[in-house]
Enquirer: 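There's a structure below that I have some questions on.
Bear in mind the structure is a predicted one, so any value in this text is a computation, not a measurement. Keep in mind that the numbers below use all heavy atoms, side chains included, and drop hydrogens, waters and symmetry copies.
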Amino acid sequence: MSTTFFGTAWRGLAPVGLALVLAACGGDDVEVRVAEGAAAPVGTTPPAPAPVPTPAPVIVTPPQAQSATAGGSATFSVAATGEALNYQWLRGDTPIAEATGASYTTPSTALADNGATFTVRVCSGPPANGNCVNSTAVALTVTAPIGIGPPGGTVDGPNGTRVVVPAGALTTYVDIAIAAAGTAGVPSFPPSGVSAIGNAYAFTPHGTAFAQPATVRVPFDPAALPAGATPRLYRAEPGGSYAEVAGATVSGNFLEAQVGRFSFFGPGAVPPPPSALRFSEISASCARESLSGNVYCWGRQGDIAYLSGLADAPQGSNFPEPTRLPPKSLTNIVGGFGYVCGINADEVWCIGDDQVTAPSGVAGPQARRQWAKIQLPTGVVLHKLAGGGRFVCGIGAPNSPDANARGRVYCWGSDLRGQLGRGAYVFQGVTVEPVVGDNLYVALAAGGAHVCAARQLDGEVFCWGDNSQGQLVAGELGTADASNAPLARGLTVDPRQGALLPVCGLKPDGTAFCWSDNFYGQMGNGTAGTGNFGQNYRAPSEVPGIKFKSLSTGETMCGIALDNQVYCWGFASRGSLGNGQETAGTGSNASKQTTPTLVSVPSGVTFAAIANTSGGKCARSTDNRVYCWGDNRSYQSGTGSNTPSSVTVPTPIKDTGLTRAMP
C-alpha cells in the first residue's frame, strides 16, 4: 500500500505530529511531501535564524609617529568606524595591559624607548569573532632633555656668571640661560641709594621656582666698590623694584647667594656714611686725631705699645679697631712697632717699649702703659722725629735754647748696630745724645736698625747703623757690615722733610732713587734678587718712569706720584700692592712685583701720605681719613674684623666715634 501526505515541514526537522501518523500506518510505504515555507503545525517551536556576520571595522585615521623628551610621555590615537568597536594597543607584538581605548599615553619615557613601535588592533564586537583589523606600526622617537632637570646641574653665563641647581630642585627640565640684562623690561639698576659695582644679569626663564635653593653667581668690580662698603647682591622684584638678597657672600670678585626663583640679579654696594673721625698724621698702625691730638692705634698690641697693659683688649692681644691710647695731645708721632712717641710743645713723650722709654727715668710696666716724658739734654728741643726698631731720633729744633743743638741729630734706645751714631757701640742708649760729627741736618729717616739724614743747604745724604744689605754705602764695609758714625751715601736729595726715606730719596724734580734690599724687586727697575747674595743694590738706583711727591718704604714700596696716582711695588703678598690682587702672579715669583703698579684708590679719594705697617700699608687722604690694605690676620686694616684676612684694596678704618680707649 502506498500513501502520500501533503503538509508542512521544516528544513532538517520532522514534526512530531507527522511521526505519529507514520507510526499509525503500520509500516506501510508512506510518501511524505513537505511544502517548504508552509506554516508550522500547531503546537511546534520554530528554529532560530542563522547568524549574519558583522562587517569588519574601518580605520579612518591611523596612529601617527610621536616624539617625546626623555622623562616625558607621548600619546597615540586612532579613529575607526564600525559596530561595537574594541581596541587593543601593542608595543611591538606584545599587548599593553589596560591599553584598550582609542588613544594610548605612554608612561614616563627613557632614552631606551627610542625607536619602539606601536600598533592598535580594532575589532567590531569581541575580538574572538575575527572581525578585527590592525593599524600600521608607528615609531616613538625619544630625545635627550634640553636644559636642567631633576638630576640638577650647572649653567655658565657671560663674565663668569653661573647658576648651580641641586638635585631635586626641579621636577621638569628647564632650558636655563644667563645674559647681560638689556634695557627692555629691566627695572632700573641699581636701586636708589645703592652704587652699582657691576652689571645686572638676567637669569631665565623668569619666575622659575626651585624646590630647593639654587646658587647664583654674578661678578663685581672691586675698583668700583665705594671705600668702606661691602658688596651686596640685589634681585629684581615684581613691580619694578630691587631688593637685597639675604645671605650673599663674596668669593673673589664674585657674589654668590642661594635663591628660590629666577630674576634679574646685580651687584651693588651702599656707601658708608661720612666718618666723623679725622686724622692729620699717621705712623705705621697709629694715627693722630686732628682735633684732640690723641693717638689711636689698631692691629697687634705688640706692634702698638709693647706690653701696654690693656687687660681687656678684644681678640687676645689685638686691637681690631682704632683704639685711643691714654689721652695726650701730640704732634709728629712716630713708631707704631712696640712704641709710640710724639711731641707736645717742647717735650717728647713715649709709650711702650722699655728701651725707647728708658730716658724718661721710669721703667717697667708703668712706663709701658702710660706716656713717659723723655728727658732731653739741657737747652735741646727736638722736632722732626724718626722712629726705627726700638730706637728714636730727632733733629734739634730752631727754637732750641742751645744754639749748638739746632740742626743736630739726637738718638736714644737700642744700639745693636750702631744706629745711635755715637762713634761707639753702646748696646742701649738710656740717655738722649747727639750723633757724632759736625753736620747739621734738615731731614731724617729711620729704618729697622739704621738712620739716614739729609744735610742742610745741599741735601747730601749721610747714613749710619746697619749695612748688612747695603743701607749705608755703595761698597762693602768690611766684616762688621755696620757703622756707628755717619757715612756719605753718595746721593743728594730735596732737603725738605719727606723727601728722604730709610732706603730712598727724592730729587727736587720728583725722581726717586732707592738702594739696599732688592729681593722682592724693591728697586722698581724690573729686577729682583734670587738668593742671599747679589740681591742688594748698594748704589742708589733710579725708579724709572714716574715722578713722586712722597714715598713709603719697606718690603713693599709705595709712592704718591706728582699727578696723585698711587703706585706700589716690591713684596706682593696678601694684597700688599693694593691693586685688588692677593699676589703679583703665580709660581715662584708670585710675591715679587719688580715695577710700580697702580693702587686701586677709591673713587674721589686723594692720598696725602702713606705709612708702612706690619704686612701692608695705611694711607691718609687729603680730607684726613685713613685707609689700609694688606695682611689683616692681626687686624692691621683697622676695620674691626680680620675677615677677610687679606685686604686687597684701600679700605677705611672703622669709625668708632672715638669710643674705644685703653683703660
Side-chain angles (χ1 to χ4, degrees), residues 144-226 229-271 575 579-583 586 600 603 643-644 646 648-649:
I146 298 175
I148 303 297
T154 298
V155 176
D156 290 314
N159 304 319
T161 52
R162 172 177 291 176
V163 59
V164 179
V165 180
L170 292 171
T171 57
T172 61
Y173 279 83
V174 179
D175 190 8
I176 294 173
I178 309 171
T183 57
V186 182
S188 178
F189 182 80
S192 177
V194 176
S195 295
I197 56 174
N199 295 323
Y201 292 86
F203 287 71
T204 57
H206 288 320
T208 299
F210 302 101
Q212 300 177 36
T215 301
V216 299
R217 183 178 79 175
V218 299
F220 71 92
D221 181 6
L225 185 66
T230 300
R232 303 179 183 183
L233 186 65
Y234 292 85
R235 175 184 58 218
E237 298 291 309
S241 63
Y242 273 88
E244 183 179 353
V245 179
T249 59
V250 177
S251 177
N253 293 342
F254 293 91
L255 280 166
E256 295 181 347
Q258 291 190 323
V259 299
R261 58 183 172 84
F262 271 167
S263 181
F264 297 97
F265 294 93
V270 178
N579 63 355
Q581 304 298 317
E582 283 275 346
T583 65
T586 59
S600 300
S603 177
T643 302
S646 299
T648 62
V649 295

Enquirer: What closest approach, in Å, do Gly268 and Val194 show between heavy atoms, and which atom pair accounts for it?
Expert: CA-CG1, 3.7 Å
Enquirer: Asp156: which residues meet the side-chain hydrogen bond (donor to acceptor under 3.5 Å, both in side chains) condition with it, sequence neighbours left out?
Expert: Arg162
Enquirer: Using ring pair (Phe, Tyr, Trp, His ring centres under 6.0 Å) as the criterion, list what pairs up with Tyr234, not counting sequence neighbours.
Expert: none
Enquirer: Evaluate the side chain to side chain contact (heavy atoms under 4.5 Å, CB included) criterion for residues Val216 and Val245: first the C-alpha distance (whole Å), next the side-chain angles of each, then the deciding distance (0.1 Å), finally the verdict.
Expert: CA-CA 11 Å; Val216 299; Val245 179; over 6 Å; no
Enquirer: State which residues pass ring pair (Phe, Tyr, Trp, His ring centres under 6.0 Å) with Phe262; sequence neighbours excluded, sorted by chain then number.
Expert: Phe203, Phe210
Enquirer: Which value, rounded to the nearest 0.5 Å, describes the distance between Tyr242 atom OH and Phe265 atom CZ?
Expert: 9.5 Å
Enquirer: Considering all heavy atoms of both residues, which atom of Ala179 and which atom of Pro158 are nearest to each other, and what is their separation?
Expert: CA-CG, 4.3 Å
Enquirer: For Asp175, which residues count as a side chain to side chain contact (heavy atoms under 4.5 Å, CB included) partner, sequence neighbours excluded?
Expert: Ile146
Enquirer: Just to verify, what does Glu582 make a side-chain hydrogen bond (donor to acceptor under 3.5 Å, both in side chains) with, not counting sequence neighbours?
Expert: Ser646
Enquirer: Can you see which heavy atom on Pro267 is nearest to which on Asn199, and at what distance?
Expert: CD-O, 3.1 Å
Enquirer: Do Val250 and Leu255 touch side chain to side chain, with heavy atoms closer than 4.5 Å?
Expert: yes
Enquirer: Excluding sequence neighbours, so at least two apart, what forms side chain to side chain contact (heavy atoms under 4.5 Å, CB included) with Ala202?
Expert: Thr204, His206, Phe264
Enquirer: Please name all residues satisfying side chain to side chain contact (heavy atoms under 4.5 Å, CB included) with Thr172, sequence neighbours left out, ordered by chain then number.
Expert: Val174
Enquirer: Taking all non-hydrogen atoms of both residues into account, name the closest pair between Ser600 and Gly580 and its distance.
Expert: OG-N, 4.2 Å
Enquirer: Quick one: closest heavy-atom pair of Pro166 and Ala214, and the distance?
Expert: CD-CA, 4.0 Å
Enquirer: Does the side chain of Val165 reach to within under 4.5 Å of the side chain of Val155, using non-hydrogen atoms?
Expert: no
Enquirer: Return each pair, listed once, that meets side chain to side chain donor-acceptor pair (under 3.5 Å) where at least one residue sits in residues 255-267; pairs must be two or more places apart or across chains.
Expert: Glu237-Arg261
Enquirer: Could you report the tightest heavy-atom contact between Thr208 and Leu170, atom names first, then the distance?
Expert: CG2-CD2, 4.0 Å
Enquirer: Run the side chain to side chain contact (heavy atoms under 4.5 Å, CB included) test against Pro222 and tell me which residues pass, sequence neighbours left out.
Expert: Phe220, Asn253
Enquirer: According to salt bridge (charged side-chain N to carboxylate O under 4.0 Å, His left out), does anything in residues 214-223 pair up with another residue at least two apart or in another chain? List the pairs.
Expert: none
Enquirer: Nearest 0.5 Å, what's the CD1-CD1 distance between Ile176 and Ile148?
Expert: 5.5 Å
Enquirer: With sequence neighbours left out, write down each residue that passes ring pair (Phe, Tyr, Trp, His ring centres under 6.0 Å) with Tyr173, or none if nothing qualifies.
Expert: none
